[in-house]
Amino acid sequence: MPLDATHQYSDDAALLAAFAAGDASAARMLVSRFGPMVYGFAFRMLNNAAEAEDVSQEVMIRLWQIAPKWDADRAKVSTWLYRVAHNQCIDRLRKSKRMSGDKVPEVADDSPSADRKLSDNERRVALNAALDQLPDRQKQVIVLRQIEGLPNPEIAAIMDTSVEAVESLTSRAKRALSKLLAPQKSALGLVDNET
């Protein structure tokens with residue numbers, strides 16, 4: 001049964017099944033529901049808008065390919081998407097580390113205030129630089145937990161590891177980030193009472 005423009009599926013698996021059954025509006029809804037999530041994750045991992053767009057497209061293509069065989073009991077759609085995006089990003093990071101050490105130019109921030117824009121941009125640059133110095137798995141866990149806000153069990157499923165390993169990676173990554181950002185704390189306006 002085709003979806004009308006006003007109907008929203010609350011169940012992602014049902015929406016994917018509707019797409020697999022040939023409902024074109026379900027495809028548009030899947031892209032609008034998950035596209036920004038995948039792009040945001042990929043951008044934070046790769047720090048490159050073009051690469052993040054490529055990853056997003058590849059992930060959505062893979063979702064279209066798997067839709068007819070989707071098993072809702074095996075994983076949530078969002079977990080599966082993060083997992084595929086995670087793998088795509090890791091492949092690209094490994095390839096870029098082999099190819100060169102060139103830095104990617106920063107993307108302009110759309111903040112309304114010039115002062116705020118400068119401050120936010122400096123923090124973003126510092127965070128991205130610090131994240132880029134972390135081992136890949138620590139960077140992934142920080143992006144998934146602290147930036148994407150995913151719970152540890154879902155991160156464990158995405159990274160194909162245990163919840164305990166996620167907790168350990170998170171702890172090590174936070175300590176490493178703290179050390180990397182410590183020299184810049186006052187310049188970036190970071191307060192010491194954050195927990």
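Model, not experiment: these values are computed from the prediction. These numbers come from the heavy atoms of this one structure, side chains and all, not from hydrogens, waters or symmetry mates. Just so you know, residue 1 is the first one in the sequence shown, and it goes up from there.
Between the CG atom of Leu93 and the CG atom of Asn48 there is a distance of 10.5 Å, given to the nearest 0.5 Å. The distance from the CD1 atom of Ile147 to the CG atom of Leu131 is 5.5 Å, given to the nearest 0.5 Å. A distance of 11.5 Å separates CG of Asn87 from CD of Glu58, quoted to the nearest 0.5 Å. For the atom pair Asp23 CG and Leu16 CG, the distance stands at 11.5 Å (nearest 0.5 Å). Here Asp12 contributes atom CG and Trp70 contributes atom CH2; the two are 9.0 Å apart, rounded to the nearest 0.5 Å. Considering CG of Leu15 and CG of Leu30, their distance stands at 4.0 Å, rounded to 0.5 Å.
Remark: Gln140 engages His86 in a side-chain hydrogen bond (donor to acceptor under 3.5 Å, both in side chains) (not counting sequence neighbours). Scored by the salt bridge (Lys or Arg N to Asp or Glu O under 4.0 Å) test, Asp160 finds Arg83 as partners (sequence neighbours excluded). Scanning for side-chain contact (heavy atoms from CB on, under 4.5 Å) contacts around Ile61 gives Gln65, with sequence neighbours left out. Partners of Ala17 under the side-chain contact (heavy atoms from CB on, under 4.5 Å) rule, at least two apart in sequence or in another chain, do not exist in this structure. Applying the side-chain hydrogen bond (donor to acceptor under 3.5 Å, both in side chains) test to Gln138 and every residue at least two apart in sequence or in another chain returns nothing. Partners of Pro151 according to the side-chain contact (heavy atoms from CB on, under 4.5 Å) rule, which considers only residues two or more places apart in sequence or in another chain, are Pro153, Glu154. Under the rule for a ring pair (Phe, Tyr, Trp, His ring centres under 6.0 Å), the partners of Phe19 that lie at least two apart in sequence or sit in another chain are Trp64. In this structure Asp136 satisfies the side-chain hydrogen bond (donor to acceptor under 3.5 Å, both in side chains) test together with Lys97, sequence neighbours excluded. Residues passing the side-chain contact (heavy atoms from CB on, under 4.5 Å) test with Ala24, sequence neighbours excluded: Arg28.
For residues 138-147, every residue pair satisfying the salt bridge (Lys or Arg N to Asp or Glu O under 4.0 Å) rule, not counting sequence neighbours, is listed here: Asp132-Lys139. Counting only residues at least two apart or on different chains, no ring pair (Phe, Tyr, Trp, His ring centres under 6.0 Å) pair has a member in residues 149-174. Each salt bridge (Lys or Arg N to Asp or Glu O under 4.0 Å) pair with one or both residues in residues 164-184, not counting sequence neighbours, would appear here, but there are none.
Smallest separation of non-hydrogen atoms from Thr79 and Ile158: O-CG1, 3.7 Å. Closest of all the heavy-atom pairs between Leu177 and Ala130 is CD2-CB, 3.5 Å. The heavy-atom pair separating Ala85 from Val38 by the smallest distance is CB-CG1, 4.1 Å. When all heavy atoms of Ser56 and Gly35 are compared, the closest pair comes out as OG-O, 4.4 Å. Residue Val141 comes nearest to Ala173 through the heavy atom pair CG1-CB, 4.4 Å, listed as atom of the first residue, atom of the second, then distance. When all heavy atoms of Ala42 and Cys89 are compared, the closest pair comes out as CA-SG, 3.7 Å.
Residues Phe34 and Val59 form no side-chain contact, since every pair of their non-hydrogen atoms from C-beta on lies 4.5 Å or further apart. A 4.5 Å side-chain heavy-atom check between Ile155 and Tyr82 finds every atom pair outside the cut-off. Between Met159 and Leu144 the shortest side-chain heavy-atom distance falls below 4.5 Å. Using a 4.5 Å cut-off on side-chain heavy atoms (C-beta onward), Leu180 and Leu134 make contact. Two residues are said to be in side-chain contact when any heavy atoms from C-beta on lie closer than 4.5 Å; Arg92 and Asp54 meet this criterion.
For the side-chain contact (heavy atoms from CB on, under 4.5 Å) with Val55, the lone residue among Met45, Gln88, Met60 that qualifies is Gln88.
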Chi angles and distances behind the side-chain contact (heavy atoms from CB on, under 4.5 Å) call for Arg137, Thr161: CA-CA 11 Å; Arg137 290 181 61 80; Thr161 192; 3.6 Å; yes
